[in-house]
Amino acid sequence: MASINIVLGAIFIASFYLSGSLAFPPGHHEGAHPIGNSPISGLSTDYYKFTCPQADEIVVPILKKAIAKEPQIAASLLRLLFHDCFVQGCDASVLLDDTEEVVSEKNAIPNKNSIRGFEVIDEIKAALEEACPNTVSCADTIALAARGSTVLSGGPYWELPLGRRDSKTANMKLANKNLPPPNATLHRLIKFFQRQGLDKVDLVALSGSHTIGKARCVSFKQRLYNQHRDNRPENTLEKSFYHTLALACPRTGGDDNIRSLDFVSPSQFDNSYYKLILEGKGLLNSDEVLWTGKDPEIAGLVKSYAENKPLFFEHYVNSIIKMGNINPLMGYNGEIRKNCHRVNQEI
């Protein structure tokens with residue numbers, strides 16, 4: 001979502017507990033059991049067990065370095081997974097650059113000057129290629145980076161089904177059609193998620209990816225000044241929060257100024273996002289309508305997650321695993337790109 005079983009809601013092949021324990025600090029992974037449903041048929045949590053068993057040890061240090069340098073990159077990497085899977089499935093089409101044959105999704109309205117983190121994906125992919133040539137797909141690299149970013153930000157660990165292949169095409173038209181805008185109504189959000197086979201629980205849980213990350217003023221400015229085309233602010237905005245936003249985002253100019261989606265703990269993956277929504281302090285319209293959109297089931301989930309972080313983590317894991325299984329390419333239906341920005345025959 002301009003920035004959504006993100007997101008969001010992020011690097012470790014589940015069966016490799018030894019390597020994971022070396023890579024992650026105690027409390028995140030070591031000695032702990034992952035939460036969530038068992039792996040989905042088709043993908044496998046031990047897909048690289050024999051072909052690239054050191055994948056965890058390769059991915060984690062690169063992510064740690066990138067996040068230490070810029071904590072915001074964790075949210076950007078998690079967002080890449082959403083913006084990949086919601087278009088034509090989890091196939092790394094979002095990484096493809098423009099060529100004579102490919103019209104890049106990066107130029108779609110929800111992505112242009114918005115999605116980022118490509119250099120981190122490139123660094124991870126290069127290291128994986130050096131250690132395990134032609135083995136780990138770009139699509140799985142995105143998934144590994146998303147899970148790692150979640151965990152390293154304090155979020156839950158989950159067994160990550162792997163084995164996706166990379167697409168040879170992109171689809172800018174679908175990117176413009178399928179990625180929910182920040183000003184979406186609740187009815188539209190539900191439709192966007194239903195289109196991907198995701199339900200209301202998935203919508204609310206995955207929206208929790210906004211517990212980390214930031215958004216540009218242009219993504220929410222209409223709420224401050226002209227939400228209903230009446231030159232007035234959105235009436236669900238808490239007053240002090242409104243004044244804070246108005247200072248950062250003036251009526252004219254400042255479109256690229258940024259604000260944290262969760263100003264209480266912007267770099268920590270927790271449940272404060274939902275607490276803020278209950279207080280009228282959701283940044284995007286697509287955040288606040290989860291509470292104000294007059295859907296009792298969705299509002300009830302927001303309240304439950306605000307009160308119960310373990311429940312949010314459990315639902316988030318289930319939902320992001322489900323999202324990661326949207327139309328993955330398997331076997332000969334895809335390829336393993338050497339360079340994530342181009343299909344293999346163009347290298």
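Scope of the values below: all heavy atoms of this structure, side chains included, with no hydrogens, waters or symmetry mates. Keep in mind that this is a model prediction, so the values were computed, not measured. Numbers here are sequence positions counted from 1.
The side-chain hydrogen bond (donor to acceptor under 3.5 Å, both in side chains) test applied to Lys303 returns Glu307, not counting sequence neighbours. Checked against side-chain hydrogen bond (donor to acceptor under 3.5 Å, both in side chains), Tyr305 has the following partners two or more places apart in sequence or in another chain: His315.
Smallest separation of non-hydrogen atoms from Ala139 and Arg164: CB-CB, 3.7 Å. Nearest approach of Cys85 to Ile326, heavy atoms of both residues: O-CG2, 3.7 Å. Contact record, Pro250 with Asn257: CD-ND2, 4.5 Å, taken as the closest heavy-atom pair. In this structure, Ser104 and Asp97 approach most closely via the heavy-atom pair CB-C, 3.8 Å. Counting all heavy atoms, side chain and backbone alike, Leu278 lies closest to Ala306 at CD1-CB, 3.6 Å.
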Practice problem: For side-chain hydrogen bond (donor to acceptor under 3.5 Å, both in side chains), just list the numbers for Thr51 and Thr135, CA-CA rounded to whole Å, side-chain angles, deciding distance to a tenth of an Å, and then say yes or no. | Solution: CA-CA 7 Å; Thr51 57; Thr135 301; 5.4 Å; no

Exercise. Could you walk me through whether Ser167 and Arg337 pass the side chain to side chain contact (heavy atoms under 4.5 Å, CB included) test, one step at a time?
Key: CA-CA 9 Å; Ser167 69; Arg337 290 186 217 136; 3.3 Å; yes

Quiz item: Would Asn235 and His228 count as a side-chain hydrogen bond (donor to acceptor under 3.5 Å, both in side chains) if you check the C-alpha gap in whole Å, the side-chain angles of each, and the deciding distance to 0.1 Å?
Solution: CA-CA 10 Å; Asn235 58 15; His228 301 294; 5.2 Å; no

Practice problem: Report the C-alpha separation of Asp140 and Tyr48 in whole Å, then their side-chain angles, then the decisive distance to 0.1 Å, and conclude whether the side-chain hydrogen bond (donor to acceptor under 3.5 Å, both in side chains) test is met. | Solution: CA-CA 11 Å; Asp140 278 348; Tyr48 297 113; 2.6 Å; yes

Practice problem: For the pair His341 and Lys125, evaluate side-chain hydrogen bond (donor to acceptor under 3.5 Å, both in side chains) and give the outcome as yes or no after the intermediate values. | Solution: CA-CA 11 Å; His341 297 274; Lys125 175 63 173 175; over 6 Å; no

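Residue-environment remark: CD (Glu130) stays at or below the threshold of 12 foreign heavy atoms within 6.0 Å.
Aromatic pair Phe312/Tyr273: ring centres not closer than 6.0 Å.
Between Lys275 and Glu279, no side-chain nitrogen of the basic residue sits less than 4.0 Å from a carboxylate oxygen of the acidic one, so the salt-bridge criterion is not met.
Distance alone, capped at 3.5 Å, is enough to place a donor-acceptor pair between the Glu238 side chain and the Ser240 backbone. Here the side chain of Asp46 pairs no donor or acceptor atom with the backbone of Lys49 at under 3.5 angstrom.
Residue pairs meeting the salt bridge (Lys or Arg N to Asp or Glu O under 4.0 Å) criterion with at least one member in residues 253-272, sequence neighbours excluded: Arg216-Asp256, Lys221-Asp255.
Of the listed residues (Asn344, Asp166, Val343), just one forms a side chain to side chain contact (heavy atoms under 4.5 Å, CB included) with Lys338, and that residue is Asn344.
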